[in-house]
Visitor: 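Please read through the structure below; I'll follow up with questions.
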Amino acid sequence: MAAITKQTEPFDAVVVGSGPNGGLAAKQLSEAGLRTLVIEAGSAVRSDKCYGSLATNFVRQLHAHVTGRQHIQERHAIFWQTNPRLFVDDTRHVYSTPRDKPFRWIRGRQVGDRSHMWEGGMLRLSDHEFNVARRDGVGEDWPISYADLARYYDMLETFFRAHGERDGLGQLLDRAFCAASSMSFSERVRKQVAT
Ligand SMILES: Cc1cc2nc3c(=O)[nH]c(=O)nc-3n(C[C@H](O)[C@H](O)[C@H](O)COP(=O)(O)OP(=O)(O)OC[C@H]3O[C@@H](n4cnc5c(N)ncnc54)[C@H](O)[C@@H]3O)c2cc1C
C-alpha cells in the first residue's frame, strides 16, 4: 500500500482499516467508481516474513509473557503458535468492557490484519449455525439463512480463488473452489483418523 504524502483531489469515500471488511468495502466502492481512500493504522507485512521462526517467536513470546505487554493476546492459543508481533501490545491498545461482561479482544495491527494470524481456513456458515437454537436449544437463531448468503459466498470465493476439497457435508458446505488443493501428509493422516 503506497503512502499518500500530498493529495489535492477530494475522496468520495474513506475506509478505516484494511481487514477483510474494510478491504471488501474498498473494493466495492472503488469498482463503483468512487475515489476511495483506505486508512490503515498498521504497517505492511510480507507474507513470507510475517510468521517468523520457531526460535525468534519463542523469545518474543517469552518476552511478552514476562513483561505482560500482551497479557490478553497471549491467552489465545494461536499466540503461542505464531509470531507475537502479529498481535497488538495490550498496554498500548487498552479497552474496557462492562464489569459483568468481560471480553477477550484478540487484535492485530497490520495491512490485511487478523487474517494474517490464522492459516486461511475460511469456512462457510451453514444452516447448522443459523438454526442453532432450534436444533440444539442453545443461543439464538440468526435472522438470516444460508440461502440469503450463498451467492455472496460464491462471488467472494471466486474472487479470492478459494482452494479446498468437496466433501459433500451438510454442516461444512462445499464452496466455489477454483481447484482442489492437495492435502498435506499430516492433514491426510488426520482425515483418515477422523473418518
Ligand atoms: C486468532 C484468530 C483466529 C481466527 N481464525 C479464523 C479462521 O480460521 N477463519 C475465519 O474465517 N475467521 C477467523 N478469525 C476471525 C477473522 O479474523 C475476523 O472475523 C476478521 O478478521 C474480521 O475482519 P474485520 O475487517 O472486521 O477486522 P480486522 O481483521 O480486525 O481488521 C481491522 C483493520 O483495521 C485496522 N485498524 C484498527 N484500528 C484502526 C484505526 N484506528 N485506524 C486505522 N486502521 C485501524 C487494523 O490494523 C486492521 O487492519 C480469527 C480471528 C482471530 C483473532
Side-chain angles (χ1 to χ4, degrees), residues 1 15-25 38-126 128-133 135-144 149 153 156-157 160 162-164 169 171-173 175 183-187 189-191 193-194:
M1 186 174 287
V15 175
V16 180
S18 68
N21 281 311
L24 186 62
V38 178
I39 297 176
E40 172 53 59
S43 52
V45 285
R46 279 178 48 185
S47 55
D48 60 337
K49 291 263 168 75
C50 69
Y51 296 111
S53 72
L54 272 181
T56 55
N57 289 348
F58 181 68
V59 173
R60 287 174 187 146
Q61 285 154 356
L62 213 57
H63 182 259
H65 180 67
V66 171
T67 58
R69 296 189 76 91
Q70 289 175 299
H71 60 280
I72 296 169
Q73 309 304 308
E74 71 170 26
R75 294 171 73 184
H76 196 292
I78 287 184
F79 179 88
W80 297 97
Q81 292 165 20
T82 189
N83 186 349
R85 289 191 175 169
L86 294 174
F87 296 73
V88 295
D89 178 332
D90 291 310
T91 61
R92 290 185 57 208
H93 299 281
V94 179
Y95 67 96
S96 61
T97 59
R99 200 176 283 249
D100 57 337
K101 289 188 180 159
F103 179 70
R104 202 179 297 161
W105 196 5
I106 308 300
R107 291 172 290 167
R109 279 285 183 285
Q110 54 262 330
V111 175
D113 196 55
R114 278 183 284 179
S115 50
H116 289 289
M117 295 171 173
W118 38 276
E119 291 172 357
M122 301 181 94
L123 307 172
R124 288 189 177 199
L125 292 175
S126 69
H128 279 250
E129 283 91 22
F130 295 131
N131 299 331
V132 68
R135 204 188 63 245
D136 293 342
V138 293
E140 284 177 34
D141 283 338
W142 291 48
I144 54 170
L149 292 184
Y153 276 129
L156 277 175
E157 287 162 1
F160 288 122
H163 285 69
L169 299 173
Q171 66 278 37
L172 288 177
L173 300 169
R175 308 185 292 168
M183 284 186 160
S184 67
F185 175 73
S186 66
E187 285 167 342
V189 171
R190 267 187 281 169
K191 184 174 179 181
V193 171

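Count residues from 1 along the sequence. Because the structure is a prediction, the values reported are computed rather than measured.
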Visitor: Working to the nearest 0.5 Å, report the span between CG of Asp89 and OG1 of Thr67.
Guide: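 So the gap between those two atoms works out to 7.5 Å.
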Visitor: Under 4.5 Å between any side-chain heavy atoms of His76 and Arg104, yes or no?
Guide: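 They are not in side-chain contact.
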Visitor: Rounded to the nearest 0.5 Å, how far does OH of Tyr51 lie from CG of Asn83?
Guide: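 So the CG of Asn83 and the OH of Tyr51 are separated by 10.0 Å.
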Visitor: Just wondering, more than 12 heavy atoms not from His93 lying within 6.0 Å of its NE2?
Guide: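 Counting other residues, nucleotides and ligands, NE2 of His93 exceeds 12 neighbours.
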Visitor: Are any of the side-chain heavy atoms of Asn57 and Pro84 separated by less than 4.5 Å?
Guide: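 Counting from C-beta outward, Asn57 and Pro84 do come under 4.5 Å.
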Visitor: I'd like to know if the side chain of Ser18 reaches the main chain of Gly23, judged simply by a donor and an acceptor atom lying under 3.5 Å from each other, with no hydrogens or angles considered.
Guide: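 No, the answer is negative, given that no donor and acceptor are paired below the 3.5 Å cut-off.
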Visitor: Is there side-chain contact between Met122 and Phe160, with at least one heavy-atom pair below 4.5 Å?
Guide: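 No. Closest side-chain heavy atoms not under 4.5 Å.
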Visitor: Distance from Arg85 atom CZ to Gln61 atom CD, nearest 0.5 Å?
Guide: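 One finds 12.0 Å between CZ of Arg85 and CD of Gln61.
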Visitor: Minimum heavy-atom separation for Pro102 and Thr97, please, with both atom names.
Guide: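 Heavy-atom minimum between the residues: CA-OG1, 3.7 Å.
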Visitor: So do the side chains of Phe79 and His65 get within less than 4.5 Å of each other, counting heavy atoms only?
Guide: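 Sidechains of His65 and Phe79: no contact.
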Visitor: Does some side-chain heavy atom of Val88 sit less than 4.5 Å from a side-chain heavy atom of Asp90?
Guide: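 The answer is yes; the side chains approach within 4.5 Å.
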Visitor: Looking at Tyr95, I want to see if its OH is surrounded by more than 12 non-hydrogen atoms of other residues, nucleotides or ligands under 6.0 Å.
Guide: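 Check passes, neighbour count above 12.
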Visitor: Ignoring hydrogens, what is the shortest heavy-atom contact between Arg109 and Ala41? Give both atom names and the distance.
Guide: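 Closest heavy-atom pair between Arg109 and Ala41: CD-CB, 3.9 Å.
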Visitor: Heavy-atom count check: over 12 atoms from other residues, nucleotides or ligands less than 6.0 Å from Arg75 CZ?
Guide: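 At most 12 heavy atoms, drawn from other residues, nucleotides or ligands, come within 6.0 Å of this atom.
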Visitor: I need the Arg107 CZ to Arg114 CZ distance, nearest 0.5 Å.
Guide: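 If I round to the nearest 0.5 Å, the distance is 9.0 Å.
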Visitor: Assess whether side-chain contact (heavy atoms from CB on, under 4.5 Å) is satisfied between Leu125 and Trp142, documenting all intermediate values.
Guide: CA-CA 11 Å; Leu125 292 175; Trp142 291 48; 3.6 Å; yes
Visitor: Are the side chains of Leu54 and Phe58 in contact, using a 4.5 Å heavy-atom criterion?
Guide: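 A side-chain contact is absent here, since even the closest heavy-atom pair is not under 4.5 Å.
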Visitor: I need the minimum non-hydrogen distance between Val45 and Cys50, along with the two atoms involved.
Guide: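 Answer, listing the atom of Val45 first, then Cys50: CB-CB, 4.1 Å.
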Visitor: Taking the side chain as every heavy atom from C-beta outward, state whether Ile78 and Ile106 have any atom pair closer than 4.5 Å.
Guide: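 The answer is no; the side chains never approach within 4.5 Å.
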Visitor: Looking at CH2 of Trp105 and CD1 of Ile72, how far apart are the two atoms once the value is rounded to the nearest 0.5 Å?
Guide: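 Rounded to the nearest 0.5 Å, the CH2-CD1 separation comes to 10.0 Å.
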Visitor: Determine the minimum heavy-atom distance between Gly139 and Ala133, stating which atoms define it.
Guide: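 The answer is O-CB, 3.5 Å.
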Visitor: What's the separation between atom CZ in Arg60 and atom CZ in Arg69, rounded to the nearest 0.5 Å?
Guide: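 Going from the CZ atom of Arg60 to the CZ atom of Arg69 covers 14.5 Å.
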Visitor: So which heavy atom on Phe87 is nearest to which on Gln70, and how close?
Guide: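 Nearest heavy atoms, Phe87 then Gln70: O-NE2, 3.2 Å.
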Visitor: Testing the basics here: between Thr82 and Met117, what is the closest heavy-atom pair and its distance to 0.1 Å?
Guide: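 Smallest heavy-atom distance, with atoms named: CG2-O, 4.4 Å.
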Visitor: With a 3.5 Å distance limit and no angle check, can you tell me whether Gln110 reaches the backbone of Leu86 through a side-chain donor-acceptor pair?
Guide: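 The answer is yes, because a donor-acceptor pair under 3.5 Å joins these two groups.
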